[in-house]
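Below is one structure, written out as structure tokens; comments come after it.
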Amino acid sequence: MAGCPLLIPYVIGDEMTELLKYNPAAIEAKWQKKWEESKLFNVTEDDSRKKYYVLEMFPYPSGRIHMGHVRNYSIGDVIARYKVLQGFNVLHPMGWDAFGMPAENAAIAHKTHPAKWTRNNIDYMRGELKRLGFSYDWTRELATCDADYYKHEQQLFTKMFKRGLVYKKQSFVNWCEPCQTVLANEQVEDGLCWRCSNEVAKKELEQWFFKITDYADELLEFCDKLPGWPERVLTMQKNWIGRSIGVEVDFPVADSDLSIKIFTTRQDTIFGATFVSLAPEHPLTMKLCAGKEEEASVREFVERMSKEDKATRTEDANEKEGVFTGAYCVNPFNNNKIPIYTANFVLMDYGTGAIMAVPAHDQRDFEFAKKYDIPINVVIQPPEGNIEAAEMTEAYLKEGVLHNSGEFTGIKNSDALPKIADYVENNGLGKRQVNYRLRDWGISRQRYWGSPIPIINCDKCGAVPVPDSDLPVVLPLDANIETVGKSPLPDIEEFANVKCPKCGGDAKREADTMDTFVESSWYFARYCSPQLASNMFDEDATRYWMSVDQYIGGIEHAILHLLYSRFFTKVLRDLGYWDVDEPFKNLLTQGMVIKDGTKMSKSKGNTVDPSALIEKYGADTTRLFTLFAAPPERDLDWNDKGVEGSFRFISRIHRLVMENLELISSPAAIQTPDELSDEAKALRKATHKTIKKVSDDINDSFHFNTAISAVMELVNKLYLVNLNSDDSSIRWALRTALDNIIVLMSPFIPHVCEELHEKLGHDTSVTKRQWPKYDPAFVVDDEVTIVVQINGKVRDKLIIAKDSSEDVVRNIALASEKVQKHIDGKEIKKMVYITNRLLSIVVTK
RNA sequence: GCGAGAAUGGCGGAACUGGCAGACGCGCUGGAUUUAGGAUCCAGUGGGCAACCGUGGGGGUUCGACUCCCCCUUCUCGCACCA
């Protein structure tokens, strides 16, 4: 297909060139308007068609769209438009995760109201998304700060409350006295408040919790039923849930009727327990030392620990530390009297807050025992050799045979686990127990800009849920939020002072708001029927649309948002809302956008402003580059020159169509010719191969970068076509190629494809086309290149008819001069032939 | 420390179940066009004069290894005293 360049316009002046030039601003404005006017992307349920629900994680309206959003939403839009072309009824909605702290901070800083700040941001960012031409059904747009939205989750809250899935509990939180508020862990910097730099204290506060631990088992189990999720997300979730199976055993306290309940997964080492450790916060810690000489030192230790924030205390590098309580307990297995310590590394909120310590077989206990000179008893011996306690430099953690373990001595430690658990249960010493690392979800926030928790606190009746008829509890918008850090809600009389729904007496409304992760745990369901006032969602609508077929978002939500959404889905199921088990069938976690080796961030000053890019190159180029530079799951290295390359590629397609418009619009070009020249056949083959490659790349892995590069290759070929020959079939082949390119690329660069589609004479939107099908007959090559290797090195390449027999290939190969040169005078020891691929010849050296 | 992922030209990245390493793009070089520049088009572009050598390093399996196995190094991410 080589030839002279096809584009030799002999009388094209500057004016003409100007008209033919790719002008994204005009094209994009034109088509965005058309799409909107024709309501092209608005969808409704249609049982006669197969549905496809594509969802990208909705943004927090922080002010402006950033490149991470552009990437996320471009990926989603390709999938959505691709599925439309395949004939699916595609739901592709967008909305706003609109509650949250930045709004309050901004309000204080700019003397505005969080609501106003949020609304302004939403308006601005909606404009940016529209400018990018995404195929959203904007009639389904929602904002979580609307009472119409959050009233449904308030109702769900009360239902969960009645089901026992919501409860109130004292818990330790980071508290800043000057700011009068709870701080999230990430707002504590080196033990100081991020806002006022005062020391953060631990405070026990009443907080509302969702009982996600009730679902720990199911959430874990279903990790193995989500084949469409990335393995690493599932692993992270499994680790986060952290199921461990062990036993709880009571250790009686000596000279007392108290006992200490410990949890262990290593009951096989119980004969080696030489002390017991309590968390400093354990209720027995102070009780056991009361009146003893150790009381003062224990008190000092416990107080010091209470000031240390959890991050520091649980740091791996942090040295093991503890004090003796003065009390002893009895190991129920061997009746040894062993000391009770309190230790910094024992956590109150895991297991029972107390452990049996086996220094010989637990590294932490080993370090502690060495430090405080506590005996070390070896109870597991390795298969070969003997361990001497005195010579140990670290705990022995591997398998072995029990030693000094009463009736269990001599059996393998792995076999002893169930046997000892049985013994514990049969002798009333305790029971088998499963523990989780997962904690219940604390949702109380002492903040203003959130959904009010629908509870009324009555002195007589306790916490009473707000009756359905009184929902929603509307967040009062006339609040004064100028006081730094302090929620104004408790001070708003009309809000805070209410009558108890149960007894009618004076009561106080709960002034805490919900964690914003609550809103994002069910928004995907609300999109199915976003305007429905009477309920969270319409059952028929969710029956049709749910689950989300493809969810796309950043890996940073691998645990929190995705776990909470899974939890909510199951709760909704158990409350009879629907029968969905899992919200997201397939999950794609896209990589970060990187520049100069690090994540783009304002503080590093390496951000790229999408608006500026769109201004300069247009939306299609901006989208194309984010899809071309890397496969979606990988980090994307930003490169300004690369963006120009994407622009150039679009311009090349545009020019190809525009400068040959007359030629490829002629009846001869449209009508399939009876006979094709060799060149036309080659072009047809290249076209069909491209269709196959693009389809496969999207279907198999969403590897858009390679799909785009395949189209680039085809475009490069088209530039080499000689159109000045008498061959008319080549014009047909060119038109067909371009027509297919336009459809194939329309999910990526929809505006320019619509424009060129129209120029080619089609009078409907390119989205109404069908995804091209390739003809397998046109994709196969009748000649193949066979590589000839001699002793593993490529020595020749033969072009031979497809499916040639080994004999034929051998004869041709052996006759080749290049091959002869390397086998001359040597003995052929072996030949391996792989049909249509290669012939490998092994000769003596 | 544990878990997951990664390492390929000057750069971003390709390579299906082991079978032509470096597709495509960026950059660079040369040429055409142009008064010039830009834009555009064409050609070239891993290293080496060559034999050859090249996918982080070292072993192995194989006719054949970026791909499979063992050991090691570095980087990224997640978890991190969870008993």
Side-chain angles (χ1 to χ4, degrees), chain A residues 2 4-8 17 21 230-236 238-240 242-244 246 262-267 269 277 279 313-320 343-347 349-358 362-365 367-368 435-439 555-556 558-559 591-592 594 625 628-631 633-646 648-649 651-652 655 693 696 700-701 703 705-713 715-716 719-720 785-794 796-797 829-834 836-843:
Chain A
C4 56
L6 89 126
L7 306 167
I8 315 172
T17 321
K21 222 173 141 187
E231 198 53 47
R232 98 183 151 120
V233 175
L234 294 172
T235 307
M236 281 164 75
K238 284 181 191 168
N239 291 341
W240 187 262
R243 191 164 109 123
S244 57
I262 61 99
F263 173 72
T264 183
T265 57
R266 292 298 307 276
Q267 61 269 23
T269 65
S277 282
R313 205 180 113 187
T314 58
E315 220 170 274
D316 203 20
N318 203 10
E319 183 152 337
K320 315 264 169 302
N344 63 343
F345 66 92
V346 184
L347 308 173
D349 55 2
Y350 185 79
T352 59
I355 59 163
M356 68 170 195
V358 185
D362 182 289
Q363 187 58 26
R364 296 155 300 182
D365 298 341
E367 287 167 30
F368 194 88
N435 269 327
Y436 299 92
R437 220 184 67 103
L438 180 71
R439 306 288 142 78
I555 185 76
E556 64 272 19
I559 295 179
M592 290 184 300
I594 303 280
F625 180 71
F628 176 64
E633 70 278 3
R634 274 225 233 170
D635 285 349
L636 185 156
D637 204 338
W638 192 262
N639 178 341
D640 291 331
K641 288 284 188 189
V643 180
E644 283 176 31
S646 293
R648 210 169 296 155
F649 170 59
S651 305
R652 273 165 74 83
R655 195 177 324 119
K693 172 78 175 149
D696 290 350
D700 298 346
S701 55
H703 278 188
N705 55 332
T706 49
I708 294 164
S709 79
V711 177
M712 287 175 167
E713 280 183 79
V715 169
N716 290 345
Y719 265 82
L720 298 177
T785 306
I786 307 256
V787 171
V788 184
Q789 290 184 354
I790 296 165
N791 286 355
K793 293 201 169 87
V794 179
D796 200 5
K797 292 171 188 179
K829 283 171 41 181
K830 190 174 178 181
M831 278 203 251
V832 180
Y833 177 61
I834 310 292
N836 296 332
R837 284 195 185 272
L838 106 176
L839 179 70
S840 183
I841 305 172
V842 187
V843 298

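Chain letters run A, B, ... following the sequence lines, proteins first and then strands; every chain starts at 1.
With sequence neighbours excluded, no residue forms a side-chain hydrogen bond (donor to acceptor under 3.5 Å, both in side chains) with Ser651(A). For Asp640(A), the side-chain hydrogen bond (donor to acceptor under 3.5 Å, both in side chains) partners are Trp638(A), not counting sequence neighbours. Remark: Met831(A) engages Arg810(A), Leu814(A), Ile828(A), Leu839(A), Ile841(A) in a side-chain contact (heavy atoms from CB on, under 4.5 Å) (not counting sequence neighbours). When the salt bridge (Lys or Arg N to Asp or Glu O under 4.0 Å) test is applied to Asp696(A), the partners found at least two apart in sequence or on another chain are Lys692(A). Judged as a side-chain contact (heavy atoms from CB on, under 4.5 Å), and not counting sequence neighbours, the contacts of Arg652(A) are Arg655(A), Val715(A), Asn716(A), Tyr719(A). Under the salt bridge (Lys or Arg N to Asp or Glu O under 4.0 Å) criterion, Arg243(A) pairs with Asp217(A), not counting sequence neighbours. Looking at residues two or more places apart in sequence or on another chain, you find a side-chain contact (heavy atoms from CB on, under 4.5 Å) between Val842(A) and Asn791(A), Lys830(A). The salt bridge (Lys or Arg N to Asp or Glu O under 4.0 Å) test applied to Arg364(A) returns Asp362(A), not counting sequence neighbours.
Glycosidic conformation, G9(B): syn, with the torsion inside 90° of 0.
The side chain of Val346(A) lies closest to A83(B) when the candidates are G78(B), G19(B), A83(B). Of the candidates G12(B), A83(B), C41(B), the closest approach to any side-chain atom of Thr265(A) belongs to A83(B). Among the nucleotides A83(B), C81(B), G13(B), the one closest to the side chain of Tyr350(A) is A83(B). Here the side chain of Arg634(A) is nearest to one of C82(B), C63(B), G13(B), namely G13(B).
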For RNA chain B, what string of dots and brackets results from 5' to 3' when Watson-Crick and G-U pairs need both distances under 3.5 Å, crossing pairs get [ ], and pairs with another strand get |?
(((((((..(((......[....)))((((((.......))))))((....))..(((((..]....))))))))))))....
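Val832(A) has its side chain out of reach of Gln789(A): every pair of non-hydrogen atoms, C-beta onward, lies at least 4.5 Å apart.
Across all strands shown, Asn435(A) has no heavy atoms under 4.0 Å from either base or sugar-phosphate atoms. Using a 4.0 Å heavy-atom cutoff across all strands shown, Arg364(A) reaches at least one base atom of the nucleic acid. Within the 4.0 angstrom heavy-atom criterion, only backbone atoms of the sugar-phosphate kind lie near Asp637(A); the bases stay farther away. In this structure, Val842(A) reaches the sugar-phosphate backbone alone: every heavy-atom distance under 4.0 Å involves primed, P, OP1 or OP2 atoms, never a base.
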Nucleotide by nucleotide, nucleotides 20-33 of chain B touches protein heavy atoms under 4.0 Å in the pattern (B base, S sugar-phosphate only, - none) B--BBSSS------
For nucleotides 43-50 of chain B, give me one character per nucleotide, 5' to 3': B if any protein heavy atom sits under 4.0 Å from the base, S if the only such contacts are to the sugar-phosphate, - if neither.
--------
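Proximity of Arg655(A) to the phosphate of C41(B): a side-chain N or O atom is located under 4.0 Å from OP1 or OP2. Taking side-chain N and O atoms only, Arg437(A) has a distance below 4.0 Å to OP1 or OP2 of A80(B).
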Anything under 3.5 Å between a protein N or O and an N or O of nucleotides 52-58 of chain B, put it in a table, one pair a line.
residue	atom	partner	partner atom	Å
C52(B)	OP1	Arg795(A)	NH2	3.4

